[in-house]
Amino acid sequence: MVNSPDKGNIFDNTAVNYEKIVLPNPAGFKEKVISLKESGSVLLCLLCLEDPSSKDVFRLIYLFENFDYMQVSEIEYVTDGSAISVSELFPVASLYEREISDGFGVVFEGSYDRRRLFLHESYPDNFHPLRKSFLNGPIKTRDEIPEEDLYVFKRLEGKGVYEVAVGPVHAGIIEPGHFRFSVIGETIFNLETRFYYLHRGIEKLAEGKKPDECLKIAESVSGDEAASNSVCLCLAVERIAGIKPSLRAEALRGIALEMERICSLLSDCAGMLTDVGYPIGASPFMARKEECMRIIKRLFGHRFMRGYMRIGGVSHDIVSTELLVLESFIAGIEEKVKEAYNNAINSSTLIDRLATTGIIEPRFVRPLNLTGPVGRASGSRRDVRADYPYGIYKSFTPELFSSDAGDVLSRFMIKSEDIMASARFIKKIICEMPEGEINDINHEIPDGCAFAMVEGARGQNLTYLNVYNGTVWRYKVRTASFTNWLSIEHAVMNNIVPDFPVINKSLNLSYSGNDL
Amino acid sequence: MNAFFRKLIQKPLSEKVEAKDPDFEFYGNQLKKEINSVFKRSLAIREVDCGSDNAAEIEINNLSSPYYDVERFGVTFVASPRHADVLFVTGAVTHNMKYALKKVYDAAPSPKFVVAVGDEACNGGIFKDSYAIYGPVSSVIPVDMEILGNPPEPVEMIKGLLVLMEKAGR
């Protein structure tokens, strides 16, 4: 193995035991995974990369976490093209396995779903873009698709069952995705999602570039998660190179991340109210969002904070007078959101629409690795900021809200509470703003690999970065949306089709962050 | 009954939004004049995302927020291409969306205008050389107007529409 330097614990939490197991061959792998399943572990990520030293040899890295026992296990084995499926033990693995089959051509024995994932029908056979033998560039796709290659949806049959197909182009101004409902009367009996219409080849695009050139790519993973994804990449690079950003830079990053969370959650709350026909309740949230975006532009230079994060720090400092402006602004936001929230929650018709709609039961949280507000509305108490603190969160702990109800109402309440908590968090950072430099420009990035996790507005965003010969060898992004999307198929079960928009909005997951 | 009287004396739920953007108001009113003369008071836009990262969608959505509220100027966003005069297309077109974009274009009644919104839609942006990208919007359907930006801000979009209307009126 050329580049797998042991960096110790992959996350900065010394309370967590970290074990790394490298298996020379797949023997004994399944037994280990079964025991992890029995102890209640969660599959955080599964990724594949080609070995730099030998062609067509693939390393599969599984990352399991068990927070009851404070244990993270990284299991790795090498294969030349066939692997063992764990999708029956960890349902979320099915998506990762299909992703790897498309990208690398690795076949998973025993998997229950072998359909293509991000390569839709028009891509030719035997095309595996993430293999190093494929050089990135325009390809020739097929216009005529043989019938056996057409995508097959699960079909429900019986008296009175009919299908409703929605998408990829939707009625609203949102991203493309396909939803196939099987309905009896008005009640949804099954939903199957199909995404990846926005597959832009993000991971391949990063390969061969210098790590700091990849920041632009990380920002484009998902528009309103630009800060989270670029901080995640920065953390990975900083871990490889051993760079420690100054306290002031960490604090500024913290403000940026929390502002981004506020913006994203404000539009979620507005969207939920709009989708049940309550625009008077939605307008204050939308107005607050625009005000936030304007102050973000004033402080960070761009309405989506693009170009603000740098490896080793941030691009520019914010002077103390501007920070005072932000402090009084954010106090106003907290107050106004509280008022808007109280007005909304006091409307009985609204409660009637939101309560018991789109329930995600707590039993789905671990098998599907549901995180963020979606997980916390379904009984999870997990948050990367508290569990694996990074940057400013090492000194300040965020407030966490949780509920067991799992319905749209509890997601609305948790998201509103989160906005107010983030506002208080920003005030706390500004009060104790450290002084110092904001950028560590002189750094060399050695070869190595690292994981990094950041809590974005939608949940746990994970990045794996492998640097080889000074350029990126493998960049794997797994946003919270990738795993959280699975929950929608359960959330809509036994609801009526007209409630689908509000359920979808209450999750508000990113299509582009999922499709990459 | 009590609830009724409480409703009478309580503070109104609506609020006055201050600090509207003077630039935006100026171009918006210009646009309204053009729309009144060219499209008889109403311009229907259908938005299609073909590979954007959602930032452009967020800004287009913001056009309907209380600060901008473009419906004042006669611009509406419609749910189907069959109701549309203008298509707003965002993102470099991915292979997976190419077919859908063609279908949307064919579904829109003529005369129709296509506006490419954002750098990626206009020239491919950072995704230009990716295997998953077919090309900019103009490589799939004819484009009448390009609005550059990463993503363009609401006022840029209004300016773009104004130029398009002036062009269409001629």
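Lettering of chains follows the sequences in order, A, B, ..., and the numbering in each one begins at 1.
Only the side chain of B:Y68 comes within less than 4.5 Å of a heavy atom of chain A; its backbone N, CA, C and O stay farther away. Looking at A:E121, neither its backbone nor its side chain comes within 4.5 Å of chain B, counting heavy atoms on both sides. Of the two parts of A:L205, only the side chain, counted from C-beta on, holds a non-hydrogen atom closer than 4.5 Å to a non-hydrogen atom of chain B. Looking at B:P154, only its side chain comes within 4.5 Å of chain A, counting heavy atoms on both sides. For a residue to count as touching a neighbouring chain, one of its non-hydrogen atoms must lie under 4.5 Å from one of that chain's; by this rule A:D143 touches chain B with the side chain only. Within the 4.5 angstrom heavy-atom criterion, no atom of B:V93 approaches chain A. Looking at B:S52, the atoms closer than 4.5 Å to chain A (heavy atoms on both sides) all sit in the backbone: N, CA, C or O. When heavy atoms are compared at a cutoff of 4.5 Å, A:F118 approaches chain B by way of both its backbone and its side chain. In this structure, chain B has a heavy atom under 4.5 Å from the side chain of A:R303, while its backbone stays farther away. Proximity to chain B (any heavy atom under 4.5 Å) is restricted, for A:S122, to the side chain, taken from C-beta onward.
Within a 6.0 Å sphere centred on CZ of B:F39, other residues, nucleotides and ligands contribute more than 12 heavy atoms. The number of heavy atoms from other shown groups lying within 6.0 Å of NZ (B:K112) is above 12. Within 6.0 Å of CZ in B:R82 there are 12 or fewer heavy atoms belonging to other residues, nucleotides or ligands.
Each of A:K204, A:M286, A:E290, A:H170 has some count of heavy-atom pairs under 4.5 Å with chain B, and the biggest count is that of A:E290. Highest contact tally toward chain B, considering only A:S220, A:S222, A:G172, is held by A:S220 [criterion: heavy-atom pairs under 4.5 Å]. Among B:P151, B:P81, B:C50, the residue making the largest number of heavy-atom pairs under 4.5 Å with chain A is B:P151. No other option in A:T141, A:L135, A:I202, A:V221 has as many heavy-atom pairs under 4.5 Å with chain B as A:T141. Highest contact tally toward chain A, considering only B:M97, B:E153, B:H95, is held by B:H95 [criterion: heavy-atom pairs under 4.5 Å].
Of the inter-residue distances, the one linking A:F195 atom CZ with B:N96 atom CG reads 13.5 Å to the nearest 0.5 angstrom.
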**OP:** For side-chain contact (heavy atoms from CB on, under 4.5 Å), just list the numbers for A:I174 and B:E47, CA-CA rounded to whole Å, side-chain angles, deciding distance to a tenth of an Å, and then say yes or no.
**Re:** CA-CA 8 Å; A:I174 55 167; B:E47 194 271 345; over 6 Å; no
Subject >> side-chain contact (heavy atoms from CB on, under 4.5 Å) between B:D49 and A:Y511, intermediate numbers included >> reply: CA-CA 11 Å; B:D49 178 348; A:Y511 298 70; over 6 Å; no
**OP:** Report the C-alpha distance between A:I173 and B:F77 in whole Å, list the side-chain angles of each, state the deciding distance to 0.1 Å, and finish with yes or no for side-chain contact (heavy atoms from CB on, under 4.5 Å).
**Re:** CA-CA 8 Å; A:I173 305 174; B:F77 288 95; 3.7 Å; yes
**OP:** Would you sort out whether A:M293 and B:E59 count as a side-chain contact (heavy atoms from CB on, under 4.5 Å), showing the intermediate values?
**Re:** CA-CA 10 Å; A:M293 288 183 86; B:E59 291 291 37; 4.1 Å; yes
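At a heavy-atom cut-off of under 4.5 Å, chain A is reached by B:I126, B:F127, B:D129, B:S130, B:Y131, B:A132, B:I133 from residues 122-135 of chain B, listed in order of number. Applying a 4.5 Å heavy-atom cutoff, the residues of residues 210-217 of chain A that approach chain B are A:K216, A:I217.
At least one donor-acceptor pair closer than 3.5 Å links the side chain of B:T94 to the backbone N or O of A:Y197.
Between A:E175 and B:D53 the shortest side-chain heavy-atom distance does not fall below 4.5 Å.
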